[in-house]
*Asks:* 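I'd like to ask some things about the structure below.
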Amino acid sequence: MAQIPLTPLADYVVVQQEEAKNKTASGLLLPDKAGEKPKIASVLAVGPAVVDVKVGDRIVYGGYSNSEVKVDGVEYLLVKNENIYAKLG
């Protein structure tokens, strides 16, 4: 993984959201308004108090206390460990 400009503290995880799909499995195109942002992301960095996930994991997350950060034109999301519901794969 490439080095990222953020180092999470405590029980925070730095992730990047996956792109919302704009086509259904049957091939129907969805307008931008219809698609809710996915709650799936790739883990880029973990704080020292995080034990359940590691860099490279794909996670399902939720919660309203997540913080969006844009650094050098790249969007990142800081997710608290308690808001991570599951790992994919």
Side-chain angles (χ1 to χ4, degrees):
M1 280 243 105
Q3 183 70 16
I4 64 167
L6 294 171
T7 302
L9 302 177
D11 63 342
Y12 279 90
V13 176
V14 178
V15 301
Q16 272 190 322
Q17 285 185 317
E18 293 187 359
E19 291 293 321
K21 292 185 173 53
N22 61 356
K23 188 187 270 190
T24 65
S26 61
L28 295 174
L29 293 177
L30 298 172
D32 288 340
K33 292 180 187 177
E36 184 177 320
K37 282 190 176 181
K39 298 291 184 176
I40 298 174
S42 297
V43 176
L44 302 178
V46 297
V50 177
V51 295
D52 296 327
V53 296
K54 63 185 182 315
V55 173
D57 285 345
R58 291 177 66 220
I59 60 166
V60 177
Y61 69 94
Y64 294 98
S65 62
N66 304 323
S67 298
E68 293 181 4
V69 178
K70 192 170 193 175
V71 179
D72 298 330
V74 180
E75 289 187 22
Y76 300 99
L77 187 65
L78 290 164
V79 178
K80 201 162 177 64
N81 189 52
E82 67 189 28
N83 292 331
I84 298 173
Y85 301 142
K87 290 194 298 185
L88 296 172

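Keep in mind the model is a prediction, meaning the values are calculated, not measured.
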*Asks:* So which atom in V46 and which in V53 form the shortest heavy-atom distance, rounded to 0.1 Å?
*Replies:*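 Looking at all heavy atoms of both residues, the closest pair is CG1-O, 3.9 Å.
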*Asks:* Hey, quick one: are L44 and V71 part of the same hydrophobic cluster, counting side-chain heavy atoms closer than 4.5 Å, chains of contacts allowed?
*Replies:*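 The answer is yes; both residues are in one hydrophobic cluster.
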*Asks:* Begin with the C-alpha distance, continue with both residues' side-chain angles, and end with the deciding distance and a verdict on side-chain contact (heavy atoms from CB on, under 4.5 Å) for V13 and L78.
*Replies:* CA-CA 6 Å; V13 176; L78 290 164; over 6 Å; no
*Asks:* Evaluate Y76 against Q16 for side-chain contact (heavy atoms from CB on, under 4.5 Å), listing each step before the verdict.
*Replies:* CA-CA 5 Å; Y76 300 99; Q16 272 190 322; 4.2 Å; yes
*Asks:* What is the distance from atom NZ of K39 to atom CG of N83, rounded to the nearest 0.5 Å?
*Replies:*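 Answer rounded to 0.5 Å: 9.5 Å.
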*Asks:* Give the minimum heavy-atom separation between P8 and A45, together with the two atoms involved.
*Replies:*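 Reported closest heavy-atom pair: CD-CB, 3.7 Å.
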*Asks:* Minimum heavy-atom separation for N66 and K80, please, with both atom names.
*Replies:*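 Answer, listing the atom of N66 first, then K80: OD1-N, 4.1 Å.
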*Asks:* Hey, could you give me the OH/CD1 distance between Y12 and I84, rounded to the nearest 0.5 Å?
*Replies:*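 That separation rounds to 11.5 Å.
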*Asks:* To the nearest 0.5 Å, tell me how far E18 CD sits from L88 CG.
*Replies:*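 Output value for this atom pair is 7.5 Å.
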*Asks:* Taking the side chain as every heavy atom from C-beta outward, state whether I40 and R58 have any pair of such atoms under 4.5 Å apart.
*Replies:*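 Side-chain contact under 4.5 Å: yes.
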